[in-house]
J.: 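Structure in structure tokens, see below.
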Amino acid sequence: MGSNDDPHDELSVSPPKTYAAGVPAVAHAIRYSLSQTSPRRTALTLLNINQTKGFDCPGCAWPEPKDRHKNEYCENGAKHINDEATTKRVTREFFATHPVAELDGKSDWWLNQQGRLTEPMVKRPGGTHYEPISWDDALGLVADELTVLDSPDEAMFYTSGRVSNEAAFLLQLFARAYGTNNLPDCSNMCHESSGSALGETLGVGKGSVSLDDIHGSDLVLVVGQNPGTNHPRMLSALEETKRNGGQVVAVNTLPEAGLIRFKNPQHARGVIGRGTDIADQFVKIRPGGDLALFQMLNLLLLEAEDAAPGTVLDHDFIRRDTAGFEALAEHARKTSWDDVLTATGLTREEIEQLHERVLASRSVIVCWAMGLTQQKHGVPTIREVVNFLLLRGNIGRPGAGVCPVRGHSNVQGDRTMGIWERMPQAFLDALGAEFGFTPPAKHGYDSVDGVRAMRDGRASVFVGVAGNFVRAMSDSDVTEEALRRCRLTVQVSTKLNRSHTVCGDTALILPTLGRSDRDVQATGEQFVTVEDSMSEVHTSRGRLEPASPHLLSEVAIISRLARRTLGDDGFPWEDFERDYSLVRDRISRVVPGFEDFNERVSRPGGFRLPNPVNSGVYPTPSGKAVFTCNEFAMVRAPEGHLVLQSLRSHDQWNTIPYAMNDRYRGIHDARRVVMVNPEDLAELGIADRELVDIVSVWGDGVERRAPAFRVVAFPASRGSAAAYYPETNVLVPLDSVADISNTPTSKGVVVRLEPVAGAAG
Ligand code: SF4
């Protein structure tokens, strides 16, 4: 398939893989890299990725070990970085020959394959094409639009997790100095439920564990997560857990190759040997059954304590460090086996087997990702996970704790830097004191509320720094319509994506440096910093020649835009652009934990932000870790319906497919595929490979349809279906959100499959 052909769906299916990585992963990584760039650039990227003096992989937020390997990357990391380092270019001639309407008809794959953006472009009102514009005019245009709005709250400033700490800090400073807290981010769509639940129960919305904890844990539960594709180096950590005698349990709706066996390509045993078996138990759960599972595990712990008092629960810890135990115990005793078995689709024996593993483990970690957070009851589910850990004192000691695994490299750091529509008043006060202004107190829009505001005409300027908002958000049709209603849409991007073809009246593309690009400013070469999933803060230095001499860094773009909009009064924007260490100086005085930031981050490997729960300090109102009582909930699908979850293929990074394959699941040359258990297919009267429309069922009376998907019989849990996003985002109603966190419920969509009349099977 050439880069100017849109890919066709030509589905073929092979048996799902029973191991991840190994030699095939290396071969795929190298093949994709060489399809994008030269052998020399490929070598350069791979020598520098995740190295102390190199750049941070943009792929995910999994941390690097202290004794990092010289090849400290995975198949997907290699693909991500060489996708960015591509030598293909999108030029003004490209835009002159491709009208926006034509680009809008292209696939996500095709758009990405065109290469790196090279200069600022504008689509003017009524225009059919993007045309070149100078940086000065482009930033002036944005500043003019921002200045004439009736209220700063009519503008939104979106970020994705690629944005560095320095750029994120400046963006939120600019937005707040301009007068709004409208700072939606990709975290709203992923780990918002984790932040909500952990903030309420432990006082800190982040994970508590380190890599050493994972390595030394007796039991790691990996829940609603597919590390083999989404955080592949996590498998090295789980391999270490196993080698140290610990156990791993996978709780998931699908069997995933990485959780079955891992062939670590960094070691001879992974290359020529069998590799390491990962999951000691696979708990094949129904979508949304996790809350019920943890409620039952908690009841079983209480009953085990009743049977052998003083041997199961950590009473000293509960007395000293927690609040609400009695209420939780009373609530848990109402848990019914019938409800739990219905919600989970598991047998009693499977749950009791897991309980026995828990009882035999002194230290337990629970890791999770979108499988929990994107459920309607994602927040109560994670609160129940915390209950489970607190009962046996599994917080704040070695080998134990909470581990929400973040999917984008600096999504956690961006939040730390103030990218949140609801930052605590203490942060706003510190920011205001440092820069001599009063940040707005009124909460801003998150991603869902931002789409509502644009849809309803309450917001009319959208500025997106990195990411692909249109394809990341739920309810694609509504989101696209909302963006098209804007007076101005601005995308700060490295590569072409769908968010550039869904334009406001005026649309700007502002091309920026990628992670791997050398960043030279007036005071010399700069580095930026990021924070990974385990709160390690470290540097990232681009090493490659930038894709074009016309690119600006994100720090430069934000600083110049802020200066054009607000002037210099009290804000040394020019200095920030010239020298990023001056931004870090300011961060050190505003953000707790960043004291002596420049000095500490210059040490090899950087530093780890303290998590107070590891010192027995819980910044909750009571000063204790909080047990919570969570009402039983499950996703109920009427007869003839399934519960759909959207997920990534293995050849995909966030919203961007690199190829039409999902190698580990045995899906080839197609993405419009829906995976369903064969017994469910038999009951529904639908054949393997039949062509169906997926139709979501929601209370607003609107029929949402994703047409023309091939059914693939797959050993998924009963009653579930799985298909790739962003193709299925159209099925998730904007108003279908997780309670409390407002996260789109992409893992719990009730659907029916409608055979396409007259289609060949
Ligand atoms: S595990 Fe994540 S951060 Fe590490 S190389 Fe792979 S994609 Fe990149």
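Indexing begins at 1, ligand by ligand and atom by atom, following the structure's order. Index from 1, following the sequence.
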J.: Looking at Asn165, Asp56, Thr159, which hits side chain to side chain donor-acceptor pair (under 3.5 Å) with Asn410?
T.: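 Of the listed residues Asn165, Asp56, Thr159, the side chain to side chain donor-acceptor pair (under 3.5 Å) partner of Asn410 is Asn165.
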J.: For Thr229, check side-chain hydrogen bond (donor to acceptor under 3.5 Å, both in side chains) against everything at least two apart and list the hits.
T.: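 Checked Thr229 against side-chain hydrogen bond (donor to acceptor under 3.5 Å, both in side chains); matches are His650.
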J.: Going by the order shown, which atoms of ligand 1 are within less than 4.0 Å of some heavy atom of Asn50?
T.: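 So the answer, numbered in order with elements, is 4 (Fe), 5 (S).
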J.: Can you list everything that forms a side-chain hydrogen bond (donor to acceptor under 3.5 Å, both in side chains) with Ser217? Sequence neighbours excluded, please.
T.: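 For Ser217, no residue satisfies side-chain hydrogen bond (donor to acceptor under 3.5 Å, both in side chains) once neighbours in sequence are set aside.
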J.: Quick one: give me the number of protein N/O/S atoms under 2.8 Å from atom 6 (Fe) of ligand 1.
T.: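 Counting protein N, O and S atoms closer than 2.8 Å to atom 6 (Fe) of ligand 1 gives 1.
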J.: Report the C-alpha separation of Thr416 and Val591 in whole Å, then their side-chain angles, then the decisive distance to 0.1 Å, and conclude whether the side-chain contact (heavy atoms from CB on, under 4.5 Å) test is met.
T.: CA-CA 8 Å; Thr416 307; Val591 186; 3.8 Å; yes
J.: Checking Ser646 now: which residues fulfil side-chain hydrogen bond (donor to acceptor under 3.5 Å, both in side chains) with it, not counting sequence neighbours?
T.: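 Testing Ser646 for side-chain hydrogen bond (donor to acceptor under 3.5 Å, both in side chains), a comparison that skips the adjacent residues, returns none.
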J.: Only one of Glu64, Glu239, Glu75, Glu240 passes salt bridge (charged side-chain N to carboxylate O under 4.0 Å, His left out) with Arg233; say which it is.
T.: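 By the salt bridge (charged side-chain N to carboxylate O under 4.0 Å, His left out) criterion, Arg233 pairs with just one of Glu64, Glu239, Glu75, Glu240: Glu64.
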